[in-house]
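Here is the structure we will look at.
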Amino acid sequence: MTRTALPHAPHSHHLLDEQWLTLTAAGIQLQLDLDQGLPRLVHLGRPLAVDPATQRRLSAAATPQASLDRLAPNTLFNDAGRGFAGQPALNGDRDGQDWLTDLRVVDVACREDGDGAYALLTLRDEASQLAVHLSLQLGAEGVLRQQATLHNLAQTPYRLDWLAAACLPVPVRFEECLTFGGRWVQEFTETRHAITEGMFALENRRGRGSHQRVPSMIVGTRGFGEQHGEVISAHLAWSGNHRVLVERQFDGSTQLQLGALLLPGERTLAAGEAITTPEVVLAWSDSGINGASQRQHAALRARLDWPQADKPRPVHVNTWEALYFDHDAARLDELVQAAGDVGAERFVLDDGWFIGRNGERAALGDWYLDAAKYPHGLGPLIEAVHARGMEFGLWVEPEMVNPDSALYRQHPDWILGLPGHDQPLGRYQCVLDLTRPEVGDYLFERLDALLTEYPIRYLKWDMNRDLTHAASQAGEHAGRPAPHAQVEALYALLARLRAAHPTVEIESCASGGARTDHGILRHTHRVWTSDCNDPHERVHIQRGAGRFLPPELLGAHIGPEHAHTTSRRTGLAFRASTALFGHLGLELDVSRLGTEERAELRGWIERYKALRGLLHGGVGWRLDCLDPHQQAHGVVAPDGGEALYNVSQLSMPRHALPAPQPLTGLDPTRRYRIELLELPEHPERRMKELPAWVDAQFTQGETLVASGEQLMTLGLALPVLDPDQALLLHLRACD
């Protein structure tokens with residue numbers, strides 16, 4: 001939540017008729033009935049011609065027995081003053097008073113332009129002396145963005161406990177929800193729940209975004225899938241504590257709420273003060289999860305602040321799993337030469353480059369180059385990187401400090417902590433209090449110095465522990481919870497650094513995928529999806545992350561044959577074909593690969609470079625598979641002229657013979673030439689005969705042509721695959 005008010009939009013009366021608000025953009029429409037000052041949601045979906053007076057009569061419901069004489073309506077801002085018995089959108093009080101609110105719409109400002117339609121609803125409650133601005137933005141991508149600003153109009157402070165960033169009535173026909181969580185190296189695990197009477201809530205209290213709780217939820221009709229069902233996907237653009245809930249009342253009315261979670265006493269509004277929530281990004285679809293994900297992707301792509309907008313996403317080499325803390329000059333030179341040889345375009349020096357950093361127990365916070373490891377500075381290494389055609393990147397973890405560090409010994413009070421309580425360590429480190437200006441100034445000075453002295457074009461910004469006992473130890477708010485202010489201070493530090501060095505890209509890494517939300521991506525350009533590079537796990541991880549983030553933002557690296565995090569062994573083709581559908585990189589010691597494997601890796605990198613325009617500018621699709629042990633997905637060019645699909649077999653096939661696999665996203669009126677880019681090794685062990693179209697390609701050099709309609713309706717026969725093998729299908733329109 002920020003303390004800046006939303007801009008007031010000019011009135012546009014044709015959007016508001018008879019207290020009926022209609023916003024339309026990109027084939028999506030939002031209709032609100034504002035009668036009696038209550039923001040009732042009438043419709044969210046495809047444009048619909050509605051007569052307000054008739055609809056009010058058609059939708060006026062009966063009143064059941066054993067209830068209030070008039071049931072409280074389910075609105076865009078449910079509060080208890082109307083008798084609403086569920087979770088209110090606002091909770092707070094003034095020393096035990098003004099805890100009950102009845103906020104009504106008193107003003108509406110709206111406009112529309114080429115970027116979409118906008119409305120600002122002002123709700124006010126004279127009795128409690130509170131006002132709320134509800135910001136609704138239906139953008140050019142068909143995505144609805146919601147945000148709330150609370151104003152304290154009284155002369156006494158108001159203690160805020162909860163303010164929903166979005167409170168959305170959900171149709172009773174929505175009977176299921178999909179949530180995302182997991183753990184380290186198993187992020188974005190999807191869990192499906194039935195929506196029943198009562199509340200289902202997920203809370204994150206770890207101070208940062210976490211592996212366990214992703215600030216997202218998809219709600220929809222029973223059995224919704226990739227390509228069928230009506231859904232609404234909701235994502236909170238916030239990198240800290242949060243709450244996501246869906247609640248169904250005894251009468252069937254259902255609401256979805258998302259917002260930043262506040263700890264006790266964390267936010268109190270002084271007289272005349274206002275506070276604004278993070279943004280919630282909502283996407284509706286009647287064609288399954290694909291439609292919602294595509295809108296989420298388009299909306300995020302439109303808002304990304306790239307240093308160079310038309311620059312292809314460069315192939316990374318990250319040194320962590322190759323070197324760990326062993327920064328030997330000869331080894332580094334071998335790695336640089338090998339990385340350039342296979343076609344890498346960015347070389348990222350990971351942990352271990354700064355003074356005293358020979359392991360994970362010491363030196364975080366001392367952001368000065370280790371002269372013992374780099375007696376001539378980083379210049380010679382960067383020159384070698386540039387000579388091999390790569391740009392240089394550097395790993396940092398600015399929010400952290402080790403107790404065994406010069407910074408901590410000099411400023412032990414700079415950490416988040418609560419006097420009288422021992423601060424638990426995480427990875428042998430504490431969290432610096434970014435809310436203290438002197439801490440932010442120190443970190444900016446150190447990073448600014450590095451970026452000024454050296455041509456560093458990329459920062460891998462890591463964050464490796466949860467926040468606990470997260471209170472500032474200085475100032476008027478000493479001892480009060482500070483995790484919310486910590487996130488705001490982080491955003492401010494990133495914005496300050498970006499303003500000073502606009503050509504530098506920043507990656508958000510938090511023990512892998514613990515901070516991967518749209519909020520952090522207002523200041524960064526990539527997320528590290530997971531510390532797990534095992535493709536067997538990555539298929540699931542990237543699928544979940546891809547519900548809300550486009551592939552070019554998802555760091556996806558080819559790891560070693562023997563995965564460091566799972567000990568599973570997989571072939572290069574499976575590792576590469578999985579990493580292809582992200583922002584490709586290498587997380588292995590290329591210098592230790594044999595000649596044949598290095599040549600094979602070079603071929604995969606060349607394939608990525610040839611396809612990344614499609615992969616990072618196309619429309620993503622997930623396919624429904626009949627075999628539960630398979631996953632399939634693809635990307636189609638916006639004009640429908642090209643497509644790439646991946647089919648991964650994760651366990652033994654359900655049947656001896658795979659069912660024909662329909663494709664999706666193609667132009668039904670066009671004809672496509674179908675090419676299997678690579679046939680997994682030893683097909684003779686699984687099949688006496690290959691599918692006819694595959695056999696013709698590999699034995700006769702002939703590729704089959706079929707219509708998009710035929711491929712999407714009837715599908716095509718697939719080869720039999722062993723576990724942890726994948727197919728890549730490349731399609732080009734012939735016309």
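Residue numbers start at 1 and run along the sequence shown. Model, not experiment: these values are computed from the prediction.
- Of the possible donor and acceptor atoms, none in the side chain of Asn74 sits under 3.5 Å from a partner among the backbone N and O of Pro169.
- In this structure, Arg82 places its CZ atom where more than 12 heavy-atom neighbours from other residues, nucleotides or ligands lie under 6.0 Å away.
- In this model, no donor atom of one side chain and acceptor atom of the other lie less than 3.5 Å apart for Thr101 and Asp125.
- No donor-acceptor pair under 3.5 Å is formed between the side chain of Asp98 and the backbone N or O of Gln129.
- Remark: Arg111 qualifies as a cation-pi partner of Tyr118 under the 6.0 Å distance and 45° angle criteria applied to the six-membered ring.
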message = Run the side-chain contact (heavy atoms from CB on, under 4.5 Å) test on Arg515 and Asp517 for me, step by step, so that the C-alpha distance in whole Å, both residues' side-chain angles and the decisive distance to 0.1 Å come before the verdict.
response = CA-CA 6 Å; Arg515 192 158 65 188; Asp517 59 274; 4.0 Å; yes
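- Taking CD from Gln31 and OG1 from Thr24, the interatomic distance works out to 7.0 Å, rounded to the nearest 0.5 Å.
- Judged purely by atom type and a 3.5 angstrom limit, Thr524 uses its side chain to pair as donor or acceptor with the backbone of Ile520.
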request  = Apply side-chain hydrogen bond (donor to acceptor under 3.5 Å, both in side chains) to Thr277 and Gln147, showing your working.
outcome  = CA-CA 6 Å; Thr277 68; Gln147 204 167 18; 5.1 Å; no
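- With 3.5 Å as the limit, one finds a donor-acceptor pair spanning the side chains of Arg94 and Asn152.
- Taking 4.5 Å as the limit, some side-chain heavy atom of His242 sits within range of a side-chain heavy atom of Arg213.
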inquiry  = Is there a salt bridge (Lys or Arg N to Asp or Glu O under 4.0 Å) between Glu279 and Arg303? Walk through the geometry before answering.
reply    = CA-CA 13 Å; Glu279 194 175 59; Arg303 300 184 79 175; 2.8 Å; yes
inquiry  = Is there a side-chain contact (heavy atoms from CB on, under 4.5 Å) between Arg243 and Gln257? Walk through the geometry before answering.
reply    = CA-CA 8 Å; Arg243 176 186 292 146; Gln257 285 191 28; over 6 Å; no
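- Closest approach of Phe84 to Asp79, counting heavy atoms only: CB-O, 3.5 Å.
- In this structure, NE2 on His518 lies 11.0 Å from OG on Ser239, to the nearest 0.5 angstrom.
- Stacking of Arg104 on the aromatic ring of Phe77 is not recorded, the 6.0 Å distance cut-off and the 45° axial limit not both being met.
- A donor-acceptor pair under 3.5 Å is absent between the side-chain atoms of Glu247 and the main chain of Gly86, judged by distance alone.
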request  = Take Gln255 and Asn78 through the side-chain hydrogen bond (donor to acceptor under 3.5 Å, both in side chains) test and state the conclusion after the steps.
outcome  = CA-CA 9 Å; Gln255 65 166 341; Asn78 288 319; 3.0 Å; yes
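- Judged purely by distance below 3.5 Å, without hydrogens or angles, the side chains of Thr276 and Thr149 pair a donor atom with an acceptor atom.
- Using a distance-only test at 3.5 Å, with no hydrogens or angles considered, no donor-acceptor pair links the side chain of His523 to the main chain of Ala492.
- Ring centroids of Phe180 and Phe548 are separated by less than 6.0 Å, placing the two rings close together.
- Taking all atoms of both residues into account, the shortest heavy-atom contact from Ala260 to Leu236 is N-CD2, 4.0 Å.
- Using modelled atom types and a 3.5 Å distance limit, the side chains of Gln296 and Ser233 yield a donor-acceptor pair.
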task = Any chance you could lay out the salt bridge (Lys or Arg N to Asp or Glu O under 4.0 Å) test for Asp305 and Arg522, step after step, and finish with the verdict?
result = CA-CA 7 Å; Asp305 181 19; Arg522 295 301 300 272; over 6 Å; no
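- One finds the CG atom of Leu32 at 10.0 Å from the OG1 atom of Thr75 (value rounded to the nearest 0.5 Å).
- Closest approach of Ala514 and Arg208 over heavy atoms only: CB-CZ, 3.9 Å.
- Around atom CZ of Arg192, more than 12 heavy atoms belonging to other residues, nucleotides or ligands sit under 6.0 Å away.
- Taking a 6.0 Å sphere around CG of Leu626, one finds it holds 12 or fewer heavy atoms contributed by other residues, nucleotides or ligands.
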task = Report the C-alpha separation of His193 and Thr179 in whole Å, then their side-chain angles, then the decisive distance to 0.1 Å, and conclude whether the side-chain hydrogen bond (donor to acceptor under 3.5 Å, both in side chains) test is met.
result = CA-CA 8 Å; His193 314 264; Thr179 63; 2.9 Å; yes
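- Checking Arg248 against Thr254 by side-chain atom types alone, a donor-acceptor pair falls below 3.5 Å.
- Between Trp238 and His484, the distance from one ring center to the other falls under 6.0 angstrom.
- At a threshold of 4.5 Å between non-hydrogen side-chain atoms, the residues Leu549 and Leu300 count as touching.
- Between Phe581 and His633, the ring center distance clears the sub-6.0 Å criterion.
- For Glu709, the CD atom counts as loosely surrounded, since its 6.0 Å shell holds 12 or fewer non-hydrogen atoms of other residues, nucleotides or ligands.
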query = Given Arg46 and Asp286, is the side-chain contact (heavy atoms from CB on, under 4.5 Å) satisfied, shown in steps?
reply = CA-CA 9 Å; Arg46 299 195 181 279; Asp286 61 356; 2.8 Å; yes
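- Of the inter-residue distances, the one linking Thr516 atom OG1 with Leu521 atom CG reads 8.0 Å to the nearest 0.5 angstrom.
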inquiry  = Please evaluate residues Arg301 and Glu141 with respect to the criterion salt bridge (Lys or Arg N to Asp or Glu O under 4.0 Å), reporting the C-alpha separation (whole Å), side-chain torsions for both, the decisive distance (0.1 Å), and the verdict.
reply    = CA-CA 10 Å; Arg301 282 170 167 169; Glu141 301 81 20; over 6 Å; no
inquiry  = side-chain hydrogen bond (donor to acceptor under 3.5 Å, both in side chains), that's the test. Do Glu226 and Trp621 meet it? Break it down for me.
reply    = CA-CA 8 Å; Glu226 307 294 349; Trp621 294 89; over 6 Å; no
ask   = Taking it one step at a time, do Thr268 and Tyr158 satisfy side-chain contact (heavy atoms from CB on, under 4.5 Å)?
value = CA-CA 6 Å; Thr268 297; Tyr158 181 83; 6.0 Å; no
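- Within the 3.5 Å criterion, the main-chain N or O of Ser216 finds no donor-acceptor partner in the side chain of His235.
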message = salt bridge (Lys or Arg N to Asp or Glu O under 4.0 Å) for Glu175 and Arg222? Distances and angles first, verdict last.
response = CA-CA 5 Å; Glu175 296 185 90; Arg222 181 182 297 179; 2.9 Å; yes
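- Other residues, nucleotides and ligands contribute at most 12 non-hydrogen atoms within 6.0 Å of the CG atom of Asp95.
- Counting only N and O atoms by type, the side chains of His151 and Glu273 include no donor and acceptor under 3.5 Å apart.
- For the pair Val42 and Trp20, the minimum side-chain heavy-atom distance is below 4.5 Å.
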